[in-house]
There are 2 protein chains.
Amino acid sequence: IENRQNDSLRSLMEEVHYADVAEIIDELHEDQATYLIKLLDSEKTSDVLTELDEDVREAILGNLSSQEIAGELAELDTDDAADIVAELPKEIVQEVISKISDREHARDIVDLLRYDENSAGGLMAKELVKVYDHWTVLTCVKEMRQQAENVTRVHSIYVVNDQGILIGRLSLKDLLTASTRSPIRDIYISHVDSVNVNEKPEEVARIMSKYDLEAIPVVDEIGRLVGRITIDDIVDVIREEADRDYQMAAGISQDVEADDSIWDLTRARLPWLFLGLIGGLGAAAIMGGFEEMIARHAILFFFTPLIAAMAGNVGVQSSAIIVQGLVNDDLKGSVGNRLIKEMLLALLNGVILAVGLLVFTWIWKGSFPTALAISISLIAVIVVAGVIGTFTPLFLHKRGIDPAIATGPFITTSNDIFGILIYFWIARFVLGI
Amino acid sequence: IENRQNDSLRSLMEEVHYADVAEIIDELHEDQATYLIKLLDSEKTSDVLTELDEDVREAILGNLSSQEIAGELAELDTDDAADIVAELPKEIVQEVISKISDREHARDIVDLLRYDENSAGGLMAKELVKVYDHWTVLTCVKEMRQQAENVTRVHSIYVVNDQGILIGRLSLKDLLTASTRSPIRDIYISHVDSVNVNEKPEEVARIMSKYDLEAIPVVDEIGRLVGRITIDDIVDVIREEADRDYQMAAGISQDVEADDSIWDLTRARLPWLFLGLIGGLGAAAIMGGFEEMIARHAILFFFTPLIAAMAGNVGVQSSAIIVQGLVNDDLKGSVGNRLIKEMLLALLNGVILAVGLLVFTWIWKGSFPTALAISISLIAVIVVAGVIGTFTPLFLHKRGIDPAIATGPFITTSNDIFGILIYFWIARFVLGI
């Protein structure tokens with residue numbers, strides 16, 4: 001299909017949604033992709049560009065002239081345009097920006113570049129409908145019609161005062177039913193939710209989904225309206241946050257995908273494996289310290305993987321539940337209560353599992369003291385693992401560190417070591433060695 | 001504050017957003033909560049009810065009369081009302097429904113009860129703006145004004161034919177600029193995305209976030225428009241799905257929260273711990289089979305936790321990346337290629353780690369053959385663990401089973417066992433025992 005049948009290709013692509021075109025282009029070779037992008041008009045391709053994989057986009061933009069890139073940016077909302085500009089090589093940014101014919105659009109894009117990507121300011125778009133409180137309804141409707149041209153979908157009309165400070169919002173119904181000469185300050189609704197430009201995206205997501213908002217205005221440090229965030233950007237934030245927590249729990253430290261290069265994947269995975277290696281060497285060292293027990297109770301050694309695995313599993317379970325509670329902001333009560341609860345929970349689980357283990361090992365190996373030593377250790381190890389798993393994320397969270405890092409390999413490894421240590425201590429004590 | 005100062009309490013609560021009222025009520029005692037709900041008017045409390053924790057809501061509804069519950073339902077959108085009705089005890093459902101004064105609203109709620117909770121039908125609401133293609137613009141505007149009263153926010157105007165089959169949508173702009181006598185069929189846009197009532201919520205979420213939709217119409221098996229799903233419901237679906245996958249990866253099998261009872265938490269956690277116990281016993285049995293090696297090479301046993309931990313970590317890493325690829329639907333290429341890639345990746349990681357281990361163990365224990373045996377085993381174990389971690393979720397997905405189950409304890413446990421088995425085989429071979 002790819003070679004030269006421009007017209008049929010163009011009309012085919014016109015019918016397809018831009019998200020689907022992006023999927024097709026992700027699969028193509030760089031030259032073919034660039035060819036296709038140049039073939040289609042920029043109203044469509046600009047949307048396609050925002051949906052592409054980052055590396056594909058980078059390759060395609062590298063093949064376009066500054067003029068062509070500026071054409072694409074002109075079609076995009078300011079937030080998407082700013083994201084793309086942020087990815088461009090520094091040398092050409094100025095040239096590209098200077099070629100955007102709509103100067104106001106260009107200014108908005110440059111404004112957005114100032115904000116940290118990981119803040120409300122980095123997420124927001126400049127497109128919004130804004131009216132002054134001293135306007136009359138008539139001026140307001142006239143101005144709005146003009147502003148609305150640049151806004152894909154009007155979610156809310158925001159009301160600001162002379163200083164540009166956000167003071168409320170306007171309902172479309174009130175606007176249409178009010179007399180055309182009444183001033184806006186008589187009819188606007190003075191209550192409006194907003195977020196600060198420096199707010200974390202996760203917090204914005206939490207507020208918007210708690211209050212079921214479809215858009216939220218963003219204000220600067222002194223309350224001036226500077227942009228607005230819509231729910232579709234928030235959906236992306238939620239997905240990314242979930243992906244990151246999930247990867248963290250699995251011991252993957254960067255945002256990678258299955259299709260990334262082996263080298264990227266290695267960089268994301270190796271640090272955690274290295275941590276596991278250190279932990280394993282620690283465990284080996286501990287076991288070396290108990291070497292004298294081997295001669296008499298070799299059977300104890302058979303159960304070290306079991307003890308280590310249980311310690312790891314319990315630790316991950318309890319830390320995951322705490323991390324999730326922190327993310328969803330629904331943890332109540334004090335740290336002390338939580339630790340006591342987890343201890344009771346771990347004790348209950350531990351006793352149930354230990355009884356099973358006791359009976360089984362007793363029958364299998366015929367030595368009650370050994371079976372008892374292993375089972376008692378299991379209970380102790382599970383309780384300690386549960387407490388560590390609960391305490392660590394709470395502690396990290398208090399220190400302002402992302403608690404998600406505490407799940408996965410980190411907890412597993414430290415619990416492995418503690419578990420084995422406790423195991424051999426208790427065994428030595430019970431068996432009176 | 002709680003006792004009898006009704007007026008001040010009422011005016012205080014009127015100012016607070018319903019999501020915040022719900023948070024306050026979640027903290028109160030059942031009697032106080034019921035008291036507060038009865039105090040406030042049902043326009044507010046109905047929204048509060050939808051935001052409450054399930055068990056708190058159940059307790060409060062138990063204290064309300066059928067008449068009062070019907071009053072709350074009347075204020076809600078049909079999808080939220082249906083969710084609440086589905087939670088009511090069966091005996092009172094009929095009575096409550098019969099007391100809803102708006103019969104059409106009651107009928108819509110009953111219709112929604114028919115649908116599986118875990119489908120597009122279970123998510124959708126009946127509130128939407130629907131016009132027939134044979135109407136003129138004038139009829140259309142008149143009818144729309146009436147329909148829009150029941151719809152909190154108009155996202156789209158859907159066009160259906162005489163049989164009620166969805167055939168397109170209408171842009172507000174086109175409607176306002178067209179002559180009042182032209183029929184709708186001349187001005188509507190015939191392309192519209194829709195989903196089937198039986199579609200899985202996860203798939204609906206994927207479609208809506210891929211195409212950045214804020215609402216999507218739902219059609220039945222023969223294409224008739226039966227409802228619509230809005231983005232705020234989808235945000236909840238995405239959050240729940242992410243929570244579930246995260247918990248699954250951590251070995252928690254039901255949807256529990258940190259504040260649930262110890263008994264609920266035990267039920268969610270114990271099955272996976274039991275699996276770990278069985279795995280540990282399996283590992284113990286395997287090690288028992290290599291007992292004759294202890295006398296001569298006790299050091300080998302010190303490294304079993306290391307080997308088991310590495311097998312587990314690698315398995316979880318590779319399965320997590322595959323599960324995430326499957327969830328986000330961005331895996332490309334064949335299973336074979338993926339396995340080869342993972343094998344290379346694991347080999348690379350394995351060799352790097354094994355070299356470190358070799359040098360360290362050699363220096364520490366002074367025996368090159370032992371260090372070599374352990375290091376070679378590590379490479380083999382990492383490769384096998386990576387392949388199992390990659391293959392298992394792909395296999396489960398093909399069989400139609402949720403691949404998320406394959407991460408966490410399941411992979412860890414099976415990789416522990418395989419890892420230990422491979423380790424002792426290779427050690428025996430290298431050391432020539």
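Heavy atoms only: backbone and side chains are in, while hydrogens, waters and symmetry mates are out. Source: prediction; values computed, not measured. The sequence lines fix the lettering, A, B, ..., with proteins before strands; numbering per chain opens at 1.
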> Has the side chain of B:Gln324 got a donor or acceptor atom that lies under 3.5 Å from a matching backbone atom of A:Asp243?
Replying inline: yes
> With a 4.0 Å cut-off, would you call B:Lys210 and A:Glu23 a salt bridge?
Replying inline: yes
>> Under the criterion side-chain contact (heavy atoms from CB on, under 4.5 Å), I'd like the reasoning laid out for B:Glu342 against A:Ile262: C-alpha separation, chi angles, the key distance, then a yes or no.
In response: CA-CA 8 Å; B:Glu342 175 63 35; A:Ile262 288 187; over 6 Å; no
> Is it the side chain or the backbone of A:Ile352 that comes within 4.5 Å of chain B heavy atoms, both, or neither?
Replying inline: side chain
>> Between A:Leu213 and B:Asp232, does the side-chain contact (heavy atoms from CB on, under 4.5 Å) criterion hold? Intermediate values first, please.
In response: CA-CA 8 Å; A:Leu213 305 173; B:Asp232 54 312; over 6 Å; no
>> Using 30° and 60° as the class boundaries, would you call the ring planes of B:Phe301 and A:Phe301 parallel, tilted or perpendicular?
In response: perpendicular
>> Can you tell me which portion of A:Val314 sits under 4.5 Å from chain B's heavy atoms? Options are side chain, backbone, both or neither.
In response: both
> With a 4.5 angstrom heavy-atom cut-off, which part of A:Thr304 approaches chain B: side chain, backbone, both or neither?
Replying inline: side chain
> Side chain, backbone, both or neither: which part of A:Asp416 has a heavy atom under 4.5 Å from chain B?
Replying inline: side chain
> A:Ala205 versus chain B, heavy atoms under 4.5 Å apart: side chain, backbone, both or neither?
Replying inline: both
>> Run the side-chain contact (heavy atoms from CB on, under 4.5 Å) test on A:Leu277 and B:Leu378 for me, step by step, so that the C-alpha distance in whole Å, both residues' side-chain angles and the decisive distance to 0.1 Å come before the verdict.
In response: CA-CA 10 Å; A:Leu277 191 68; B:Leu378 183 65; 4.1 Å; yes
>> Walk me through whether A:Leu357 and B:Leu281 qualify under side-chain contact (heavy atoms from CB on, under 4.5 Å).
In response: CA-CA 9 Å; A:Leu357 183 63; B:Leu281 289 172; 3.6 Å; yes
